[in-house]
Trainee: 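Just passing along the structure, written as structure tokens.
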Protein chains: 2
Amino acid sequence: MVPALALRLDTFTRLSPEDRAALATISKVSRVIPARRDLIREGENPQYVHVMVDGWGCRYKTLPDGRRQIVAFFVPGDFCDLNVYVLKEMDHSIGAITRLSVADISREDMDNLTTNRPRITQALWWENLVTTSIQREWMLNIGQRTAYERIAHLLAELFLRLRSVKLTNGDSCDFPITQTDIADATGLTAVHVNRTLQELRRDGLIILEHKRLTIPDLQRLREAALFNPNYLHLTHEGQQLDANG
Amino acid sequence: MVPALALRLDTFTRLSPEDRAALATISKVSRVIPARRDLIREGENPQYVHVMVDGWGCRYKTLPDGRRQIVAFFVPGDFCDLNVYVLKEMDHSIGAITRLSVADISREDMDNLTTNRPRITQALWWENLVTTSIQREWMLNIGQRTAYERIAHLLAELFLRLRSVKLTNGDSCDFPITQTDIADATGLTAVHVNRTLQELRRDGLIILEHKRLTIPDLQRLREAALFNPNYLHLTHEGQQLDANG
DNA sequence: CGTCTGGTTGATACGACTCAAATTTGGTGG
DNA sequence: CCACCAAATTTGAGTCGTATCAACCAGACG
């Protein structure tokens with residue numbers, strides 16, 4: 001099985017067999033975190049860069065009174081904070097949503113990678129810029145879109161991201177996050193998320209049950225979400241080469 | 001005059017005279033953009049990395065119907081998208097708020113810098129991570145804080161950022177952004193921002209008039225904003241060395 | 001088969017939005 | 001230096017989207 005990280009970076013550039021080998025080495029699972037447990041907490045000193053090998057996670061921040069904002073979801077193949085060990089302490093936490101297999105990459109291994117594998121380095125740069133871009137889109141989402149658009153947008157984004165690492169099956173995919181998670185990610189309450197999901201279902205935009213999401217008509221969902229995929233920066237060399245061969 | 005960029009990076013690390021010289025070269029103003037004009041627009045192909053030398057700017061995204069979200073403010077010394085030329089097209093726009101002096105740095109100059117000046121490279125990494133961290137805090141801000149807390153938080157952040165590049169004067173600073181800008185940055189309407197600013201004034205937390213902001217009691221403002229400065233990652237080597245001599 | 005988390009529903013409240021107009025400020029040219 | 005204009009701020013009245021609180025239900029799991 002091709003590790004999700006390689007699939008992901010392949011979106012950007014065509015990796016050599018040596019590159020793939022290096023990624024396989026790096027993607028070795030070093031930890032399995034049970035569902036709903038934290039991988040690392042705000043205030044701790046980050047030592048490793050993480051790769052999500054299997055399962056879903058999220059990055060979140062909290063306020064003293066318990067209000068919680070999920071600022072990112074992680075799906076397999078996501079790479080976490082290239083160079084984060086430059087910082088003294090974490091300003092947020094990372095938690096597992098499902099049971100999560102993670103590869104911890106030491107600073108040393110990262111340094112080796114960036115000096116010896118320029119193509120991977122470049123691809124990691126790309127992935128870093130895309131992650132930041134997704135954060136910006138989320139700000140637009142939370143700040144400007146209505147509840148309906150907001151949730152539609154989140155679902156469309158996650159579907160596309162999963163598709164890019166081959167974790168979709170036609171028009172559907174596993175979707176393990178709860179309505180409370182969606183609420184914390186969109187700045188809404190769980191009750192309102194529930195009602196809005198019902199609207200989306202009523203309008204035939206989504207089928208969401210038993211932790212499985214189906215999108216019968218992606219184009220319609222995109223329109224409802226005012227979704228412009230440019231921020232995912234998916235059209236790159238890798239894709240073009242794929243198209244040719 | 002020490003360029004703001006050097007002041008900013010000095011927060012993180014102690015720069016050598018050669019480092020400073022390199023920064024001075026790079027911080028040469030290559031363009032002056034009139035107030036309220038765009039520096040680069042969504043969809044364009046990014047060729048340069050930018051340094052804000054003088055004046056304020058912002059990064060923003062828009063929806064087809066005109067809704068606009070400011071996702072970041074730039075103040076002097078801010079560095080913009082280390083390595084952005086990796087991407088094919090901009091997913092957002094960058095605009096000038098005041099008249100803005102910018103230094104455009106070519107890919108070539110950046111590559112030179114990163115190969116020859118490891119200390120600067122490290123510091124730019126730090127600045128990159130901090131910028132991303134600020135984005136996360138903004139998501140928490142927009143998604144979870146009340147209007148009152150949200151605006152208080154924004155003002156506190158900008159004040160601290162200006163202070164770190166020595167652009168404050170005691171407890172006050174220039175503050176050229178309009179209430180509409182604040183609205184677009186916080187996900188509120190200009191009318192509501194206006195009323196909330198009046199509340200903040202009434203409570204004695206801020207004095208804001210004639211494009212000048214005064215914070216009589218920063219600690220009180222911080223408390224009102226649920227402001228935790230850890231996300232700015234200001235306590236670093238540079239600061240510690242400063243403390244010793 | 002009971003427990004528990006996640007999902008659903010209903011009633012009510014309020015924070016923030018909308019629209020519209022008035023007022024103030026700051027910049028520009030006569 | 002004043003008149004003028006556009007931009008920014010302020011005010012008021014009415015509305016609406018989303019929150020809150022409180023039950024209740026269902027299906028997953030031990």
Side-chain angles (χ1 to χ4, degrees), chain A residues 34-37 56 58 63 65-70 95-99 141-152 154-155 174-202 206-213 224, chain B residues 34-37 56 58 63 65-70 95-99 141-152 154-155 174-202 206-213 224:
Chain A
R36 301 288 156 191
R37 269 271 234 309
W56 288 45
C58 69
L63 254 17
D65 62 7
R67 278 175 277 175
R68 169 170 183 257
Q69 178 69 40
I70 291 179
I97 287 177
T98 62
R99 207 175 104 101
N141 209 28
I142 301 169
Q144 303 299 328
R145 281 190 256 254
T146 63
Y148 187 89
E149 295 163 349
R150 231 182 271 188
I151 296 176
L154 178 64
L155 301 185
D174 282 335
F175 203 77
I177 69 183
T178 65
Q179 294 185 0
T180 304
D181 292 329
I182 297 179
D184 288 347
T186 53
L188 300 164
T189 57
V191 170
H192 199 58
V193 166
N194 181 281
R195 296 187 166 126
T196 308
L197 282 173
Q198 291 178 46
E199 275 189 76
L200 287 164
R201 289 194 191 100
R202 207 175 305 137
I206 60 164
I207 300 160
L208 177 54
E209 46 184 16
H210 309 305
K211 307 275 172 218
R212 191 143 187 100
L213 170 68
Chain B
R36 300 289 155 190
R37 271 263 239 313
W56 288 44
C58 70
L63 254 17
D65 62 7
R67 277 175 279 174
R68 171 175 125 117
Q69 179 68 39
I70 292 179
I97 287 177
T98 62
R99 208 175 103 102
N141 208 28
I142 300 168
Q144 303 298 329
R145 281 190 257 254
T146 64
Y148 188 90
E149 293 163 349
R150 232 182 269 187
I151 296 175
L154 177 64
L155 301 184
D174 283 334
F175 202 78
I177 68 184
T178 66
Q179 294 184 2
T180 303
D181 293 329
I182 297 178
D184 288 348
T186 53
L188 300 165
T189 57
V191 171
H192 198 58
V193 166
N194 182 280
R195 295 192 226 261
T196 308
L197 282 173
Q198 290 178 47
E199 274 189 77
L200 287 164
R201 291 194 189 99
R202 205 174 306 136
I206 59 165
I207 299 161
L208 177 55
E209 44 184 18
H210 309 304
K211 306 276 173 221
R212 192 146 186 97
L213 170 68

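Remember, predicted model here, so these are calculated numbers, not experimental data. Any value given below was found using the heavy atoms of this structure, including those in side chains, with hydrogens, waters and symmetry copies removed. Quick note on labels: first sequence line is chain A, next is B, and so on, each numbered from 1.
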Trainee: Ignoring backbone atoms, establish whether A/Asn194 has a side-chain N or O less than 4.0 Å from OP1 or OP2 of C/dG7.
Mentor: no
Trainee: Mind calculating the distance between CG (B/Asp181) and P (D/dA7) to the nearest angstrom?
Mentor: 14 Å
Trainee: With a cut-off of less than 4.0 Å, is there a side-chain N or O of B/Gln179 near OP1 or OP2 of D/dA7?
Mentor: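 B/Gln179 to D/dA7 OP1/OP2: no side-chain N or O under 4.0 Å.
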Trainee: Set out, in order, the CA-CA distance, both residues' side-chain angles and the distance that settles side-chain contact (heavy atoms from CB on, under 4.5 Å) for A/Asp184 and A/Gln69, then state yes or no.
Mentor: CA-CA 5 Å; A/Asp184 288 347; A/Gln69 178 69 40; over 6 Å; no
Trainee: Do A/Arg150 and A/Leu154 pass the side-chain contact (heavy atoms from CB on, under 4.5 Å) test, and can you show the C-alpha distance, the side-chain angles, and the key distance before you say yes or no?
Mentor: CA-CA 6 Å; A/Arg150 231 182 271 188; A/Leu154 178 64; over 6 Å; no
Trainee: Between atom CG in A/Leu200 and atom P in C/dT8, what is the gap in whole Å?
Mentor: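 After rounding, the reported distance stands at 12 Å.
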Trainee: Using whole Å, what does the distance between atom C1' of nucleotide D/dT18 and atom CD of B/Gln144 come to?
Mentor: 13 Å
Trainee: From the options D/dT18, C/dC17, C/dT9, select the nucleotide whose nearest atom is closest to the side chain of A/Val191.
Mentor: C/dT9
Trainee: How about CZ on A/Arg67, more than 12 heavy atoms from neighbouring residues, nucleotides or ligands closer than 6.0 Å, or not?
Mentor: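 For A/Arg67, atom CZ is crowded (more than 12 foreign heavy atoms under 6.0 Å).
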Trainee: Regarding A/Leu197, tell me which of base, sugar-phosphate or nothing describes its non-hydrogen contacts under 4.0 Å with the strands shown.
Mentor: nothing
Trainee: Are the side chains of B/Glu199 and B/Arg195 in contact, using a 4.5 Å heavy-atom criterion?
Mentor: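 Contact flag for B/Arg195/B/Glu199 side chains = no.
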Trainee: Round to a whole Å and report the spacing from NE2 of A/His192 to C1' of C/dG15.
Mentor: 14 Å
Trainee: Let me spell it out: for each of A/Tyr148 and A/His210, pick the nucleotide of DNA chain D with the closest heavy atom. Which residue's pick is nearer the 5' end?
Mentor: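 First, find each residue's nearest nucleotide; the 5'-ward one identifies A/Tyr148.
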Trainee: In whole angstrom, what separates A/Arg67's CZ from D/dA19's P?
Mentor: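 Going from A/Arg67 (CZ) to D/dA19 (P), I get 13 Å.
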Trainee: From C/dA16, D/dT18, D/dT20, pick the nucleotide closest to the side chain of A/Thr146?
Mentor: D/dT18
Trainee: Which part of the nucleic acid, if any, lies within reach of A/Thr189 when heavy atoms closer than 4.0 Å are counted: base, sugar-phosphate only, or nothing?
Mentor: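 The residue A/Thr189 makes base contact.
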Trainee: Ignoring hydrogens and geometry beyond distance, is the side chain of A/Arg195 in donor-acceptor contact with the base of D/dG17 at under 3.5 Å?
Mentor: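 Counting by modelled atom types and ignoring angles, no donor-acceptor contact under 3.5 Å is found here.
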Trainee: To the nearest angstrom, how far is B/Leu188 atom CG from C/dC17 atom C1'?
Mentor: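 Distance check: B/Leu188 CG to C/dC17 C1' gives 10 Å.
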Trainee: At less than 4.0 Å, is any side-chain N or O atom of B/Gln198 found next to OP1 or OP2 of D/dT11? Yes or no.
Mentor: yes
Trainee: Give the nucleotide from the list D/dT18, C/dA16, D/dA8 with an atom nearest to the side chain of B/Thr178.
Mentor: D/dA8
Trainee: Using whole Å, what does the distance between atom C1' of nucleotide C/dG6 and atom CG of A/Leu208 come to?
Mentor: 12 Å
Trainee: Within this structure, what is the CD1-to-P distance between A/Ile182 and C/dG6, rounded to whole angstrom?
Mentor: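 Going from A/Ile182 (CD1) to C/dG6 (P), I get 13 Å.
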Trainee: Using side-chain heavy atoms (C-beta onward) and a distance below 4.5 Å, is A/Leu188 in contact with A/Thr196?
Mentor: no
Trainee: Within less than 4.0 Å of OP1 or OP2 of C/dG7, is there a side-chain N or O belonging to A/Lys211?
Mentor: yes
